[in-house]
Novice: 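Structure in structure tokens, see below.
In listed order, ligands and their atoms are each counted from 1.
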Amino acid sequence: MKILSVVGARPQFVKLAAIADAAAQREDVEHVIVHTGQHYDAAMSDVFFADLRIPAPDVNLAVGSGSHGRQTGAMLAGMDEVLEEHRPDWTLVYGDTNSTLAGTLSAVKMHLQVAHLEAGLRSFNRRMPEEHNRVLTDHAADLLLAPTEVAREHLAAEGLAERTVVTGDVMTDVCLRVADSVKDTPVALPEGIDPASPYAVATIHRADNTDDPARLAAIVAALQGLEIPLALFAHPRLVAKAKDAGIELAGGAVHVGEPVAYPELVGAVQHAAAVVTDSGGLQKEAYLLGTPCTTVRSETEWVETLEGGWNRLALGPADLTAAVARPRPTASRPPHYGDGRAAERSVDALVEHA
Ligand code: UD1
């Protein structure tokens, strides 16, 4: 059986690592990897393949950055030929990016079966491009691999129960494995932060936070005013938007670093006193690793992380300061995201439903 994975953005490489491993365990599965090229910087792409020991992509469409329409359109144009050549039993798409939607549309139009990994997540925020990408993908796909019971409920409410299988979350597979492998490795933080004293880790990249200069300035000011030093691993979009708006990211508590490789990120979060982010994956990683998280958004898809106060939503910069200063939660962290074997279950489901 042939699975063709379509990936393009950083969080998808992490999910792919788990699936590539699980596929390699089975002799009856051939796995083809297509990289759309949505993320192309070494720090945003290559290091993930190297560190997580993912086989090199069989195809790279090298589409690069652009407006949503241009970027997605370039992927669609590239995918036809690739699918024609490989004719996979399953086209496997991941998460909620433009690469997910493009892979899905190309395959369904060619009457090829599509499976969506991380199906059923909803923010119910229609301003987010990711929300449209996931809803459209779920409705077009033939098999929905849902990470949680909440995701299953969302799919059922949209009439998609029959196509759904709950597998657990594949990012959890990778996070737990990597956390164990780096627990004794010294933490790499931007200059000026002492890893032996309390520090926070932050990432900010969503359009809603970066593209309005006034909002971005207020978020940066709040981060700079925090009481403990903060390692800001800056996504290229954040760096570009801050530069355009004349906002200096470094200053006060904020120490700026490049985006880091996955094991370094996990290591930094594991030993941090707090996380501040607008990333989906990082909210969950903080939960799994037992580090309190503050999410700079008005909602989250990973609602389980809010239980017991491990994650808190900060709608505005003022809430951010109070949220980061809250006492460390004492509640337990139930294993909502599975047991670390979601990828194996996902590949089994693909074989069963082929
Ligand atoms: C994308 C996903 C988002 C995901 C994120 C993870 C969509 C709609 N969004 O957002 O869901 O959380 O990836 O990082 O697909 N850039 C570079 N080098 C790179 C990649 C990007 O310089 O390697 C810059 C470009 O200026 C680009 C901007 O970052 O215009 C945004 O990149 P893009 O891939 O469009 O979206 P992300 O913000 O990364």
Novice: Taking only heavy atoms of D96, which atoms of ligand 1 are found under 4.0 Å from at least one of them?
Specialist: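 Within the 4.0 Å cut-off of D96, ligand 1 contributes 11 (O).
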Novice: Does the pair E130/R206 count as a salt bridge with the N-to-O cut at 4.0 Å?
Specialist: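 Counted as a salt bridge, because a side-chain N and a carboxylate O are separated by less than 4.0 Å.
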Novice: Please determine if K183 and D180 form a salt bridge, counting it only when a charged side-chain N lies under 4.0 Å from a carboxylate O.
Specialist: yes
Novice: Between D21 and R53 (salt bridge meaning N to carboxylate O under 4.0 Å), is one present in this structure?
Specialist: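 Looking at D21 and R53, the cut-off is not met.
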Novice: Consider every N or O of N133 and every N or O of ligand 1, then say whether any pair is closer than 3.5 Å.
Specialist: no
Novice: Considering only heavy atoms, does P11 approach ligand 1 within less than 4.0 Å through its side chain, its backbone, both, or neither?
Specialist: side chain
Novice: Quick check against the 3.5 Å criterion: does R237 have a side-chain atom that pairs as donor or acceptor with the backbone of H205?
Specialist: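 Here the side-chain-to-backbone pair exists.
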Novice: Please indicate whether any nitrogen or oxygen in H235 is less than 3.5 Å from any nitrogen or oxygen in ligand 1.
Specialist: yes
Novice: Which heavy atom of the protein is the closest neighbour of atom 8 (C) of ligand 1, given with residue, atom name and distance?
Specialist: N98 OD1, 3.5 Å
Novice: Considering E130, H205, E131, R206 one by one, which has a heavy atom nearer to atom 11 (O) of ligand 1 than any of the others?
Specialist: E130
Novice: Show me the side-chain donor-acceptor pairs of residues 85-92 shorter than 3.5 Å, one per line, residues at least two apart or across chains.
Specialist:
| unit_1 | atom_1 | unit_2 | atom_2 | d |
| --- | --- | --- | --- | --- |
| R87 | NH1 | E84 | OE2 | 3.4 |
| D89 | OD2 | K2 | N | 2.6 |
| W90 | NE1 | L350 | O | 2.9 |

Novice: Can you list the ligand 1 atoms lying under 4.0 Å from a non-hydrogen atom of A9?
Specialist: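 Selected atoms, number and element: 13 (O).
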Novice: Which pairs count as salt bridge (Lys or Arg N to Asp or Glu O under 4.0 Å) when at least one residue sits in residues 263-279, sequence neighbours excluded?
Specialist: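 Residue pairs passing salt bridge (Lys or Arg N to Asp or Glu O under 4.0 Å), neighbours aside: none found.
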Novice: Among all protein non-hydrogen atoms, which one is nearest to atom 34 (O) of ligand 1, and what is the separation to 0.1 Å?
Specialist: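 For atom 34 (O) of ligand 1, the nearest protein heavy atom comes out as Q38 NE2, 3.0 Å.
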Novice: With heavy-atom distances below 4.5 Å as the criterion, would you say the side chains of W302 and T295 are in contact?
Specialist: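 No, their side chains stay 4.5 Å or more apart.
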Novice: Please identify which of these residues, H116, Q38, E118, Q12, meets the side-chain hydrogen bond (donor to acceptor under 3.5 Å, both in side chains) condition with T100.
Specialist: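 Of the listed options, the one satisfying the test is Q12.
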Novice: Among all protein heavy atoms, pick out the one at the shortest distance from atom 2 (C) of ligand 1; state its residue, atom name and that distance to 0.1 Å.
Specialist: T97 CG2, 3.8 Å
Novice: Tell me which protein heavy atom sits closest to atom 17 (C) of ligand 1, plus the residue, atom name and distance to 0.1 Å.
Specialist: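 The closest one turns out to be Y40 OH, 3.2 Å.
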Novice: Do D169 and T148 make a side-chain contact, defined as non-hydrogen atoms from C-beta onward lying under 4.5 Å apart?
Specialist: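 No, every pair of side-chain atoms sits at 4.5 Å or beyond.
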Novice: Looking at P236, which atoms of ligand 1 are within less than 4.0 Å of one of its heavy atoms?
Specialist: 16 (N), 17 (C), 18 (N), 22 (O), 24 (C)
Novice: Looking only at non-hydrogen atoms, which of R237, H68, H39 approaches atom 39 (O) of ligand 1 most closely?
Specialist: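 Looking at heavy atoms only, the winner is H39.
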Novice: For atom 25 (C) of ligand 1, what is the closest protein heavy atom, and at what distance to 0.1 Å?
Specialist: S65 OG, 3.2 Å
